[in-house]
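Structure record follows, encoded as structure tokens.
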Amino acid sequence: MDSDGWEVLKQAGELERRGEAFALATVVWRQGPSSSQRGARAIITAEGEVHGWIGGACAEPTVIREAQQVIASGAARLLLLGSPDQFGAAIPEGMTVVPISCQSEGALEVYIEPVVPAPHLVVVGRSPMAQTLAGLARALHWRTDLVAGEDFTAGAAGPGSMVVVATQGHGDEEAVEEAVAARPAYLGLVGSRRRGAAVLGYLADRGLPADELGRVHVPAGLDLGHITHQEIAVAILAELVQLRASGALAGTPGAAPAGHAAAPGPAGTANAANAPARQAGQAEPAEAADPVCGMTVAATTASRPLAHDGVTYYFCSASCRRKFELDPAAYATRETRC
């Protein structure tokens, strides 16, 4: 592996330590001429930032779009990028073909895998139950922080964190108030329903929003009846696993999506939008199909927009735009499938 490849892996490690989800794209096959090389890697973040090299102007936008879908779904994807007539009917099952038309006439096979950081759990308290819960979470390889109540602040958690307040009468109100300010994906309070009602009532009197207080799970954990402190820890962890698996904690890393994501198209087809352009007066779509080559491009000014007969078309390159300008009738009514 060259130095650029190692640098990409170092960046991947740093993103994982920071708890950020991303996708790792690797070129596993190429057909020249192509600007990419076999084994080339790139990191794509959920925001579409690219670190590394995966291909030129034709391949990179497609890889970014597909990588963002991989991050959202959590399912890896194998792409074949090129002109459909280059491959014929010999498309392996499970592979997604994305037609692109580059002047180089090269083709790429890119494997995109999601890299999802471990869930982040913050356990607030010093009790044996809190220590047991932290130990169980670490056994699942979750990023786990055990923080004393007096040391806990909203900065210790975030929107993707799960927070369990187990101060058990020692500063419950202050700990829950700090946790509410962090707006975590999950906030649970260990204690009886009566104690929980008193804590939440106190915070409501202090002016905390009712909708935020309504998100607090009291008591935290699955209701298993009269159980020991160690079993309470198991019940809390079981609830967190259940909620994540059901999609109820979609903000946490690796959680199941709340809804059913659209499945990728069958092998030999692409899953991009078919609409080639935007009608005048309509909201601008996020993507469009180049009417000349069929490649899916971002519907932005960077994609060389051209208005014709009240429709705005977008292009992957200056060459495609020029072909359209020379003979718009040949492409304007053509149905493009990407």
Side-chain angles (χ1 to χ4, degrees), residues 16-21 116-223 227-244 248-255:
E16 196 279 334
R17 283 188 292 273
R18 296 206 306 255
E20 297 183 27
V116 181
H120 182 218
L121 174 64
V122 181
V123 183
V124 185
R126 299 176 179 271
S127 69
M129 194 288 302
Q131 296 178 34
T132 300
L133 175 58
L136 291 172
R138 287 169 181 149
L140 294 181
H141 304 292
W142 290 9
R143 293 187 301 124
T144 306
D145 298 322
L146 181 61
V147 185
E150 61 270 24
D151 298 329
F152 175 68
T153 64
S161 304
M162 297 170 287
V163 179
V164 175
V165 175
T167 42
Q168 295 179 283
H170 301 283
D172 293 351
E173 293 83 359
E174 292 79 5
V176 172
E177 185 170 7
E178 288 289 336
V180 167
R183 300 182 63 84
Y186 173 93
L187 172 54
L189 173 62
V190 178
S192 67
R193 287 184 173 81
R194 181 176 180 180
R195 175 59 184 161
V199 170
L200 298 183
Y202 169 82
L203 295 176
D205 290 341
R206 283 179 53 82
L208 269 69
D211 60 334
E212 292 294 328
L213 294 177
R215 298 176 60 243
V216 181
H217 294 249
V218 183
L222 300 179
D223 185 1
I227 54 179
T228 67
H229 288 301
Q230 291 79 8
E231 291 168 336
I232 290 173
V234 173
I236 293 171
L237 187 62
E239 180 184 46
L240 296 177
V241 171
Q242 180 189 63
L243 291 173
R244 294 184 68 253
L249 300 183
T252 61

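Nothing here was measured: the structure is a model prediction, and the numbers come from that model.
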With heavy-atom distances below 4.5 Å as the criterion, would you say the side chains of [X] and [Y] are in contact?
X    : Y    : value
Q168 : S127 : yes
V123 : I236 : no
M162 : R244 : yes
P219 : R193 : yes
E177 : L208 : yes
L243 : H217 : yes

Applying side-chain contact (heavy atoms from CB on, under 4.5 Å), can you list everything that pairs with V116, at least two apart in sequence or on another chain?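 Expected list: P114, P253.
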
Quick one: list whatever passes side-chain contact (heavy atoms from CB on, under 4.5 Å) with Q131, sequence neighbours left out.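 For Q131, the residues satisfying side-chain contact (heavy atoms from CB on, under 4.5 Å) (neighbours in sequence not counted) are L146.
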
Is it the case that the side chain of [X] and the backbone of [Y] share a donor-acceptor pair, with hydrogens and angles ignored and the cut-off at 3.5 Å?
X    : Y    : value
D205 : Y202 : no
R215 : V180 : no
E212 : P209 : no

Contacts of type salt bridge (Lys or Arg N to Asp or Glu O under 4.0 Å), residue E178, not counting sequence neighbours: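 So E178 forms no salt bridge (Lys or Arg N to Asp or Glu O under 4.0 Å) with any residue.
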
Which atoms form the tightest heavy-atom contact between [X] and [Y], and what is the distance?
X    : Y    : result
A118 : W142 : CB-CA, 4.1 Å
D145 : H120 : OD2-NE2, 2.8 Å
V190 : A166 : CG2-CB, 3.9 Å

Measure the spacing between CD of Q230 and CG of L136 and express it to the nearest 0.5 Å.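 Taking CD in Q230 and CG in L136, the distance rounds to 10.0 Å.
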
Can you tell me how far CG of D172 sits from CZ of R195, rounded to the nearest 0.5 angstrom?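 Interatomic distance, R195 CZ to D172 CG, rounded to 0.5 Å: 4.5 Å.
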
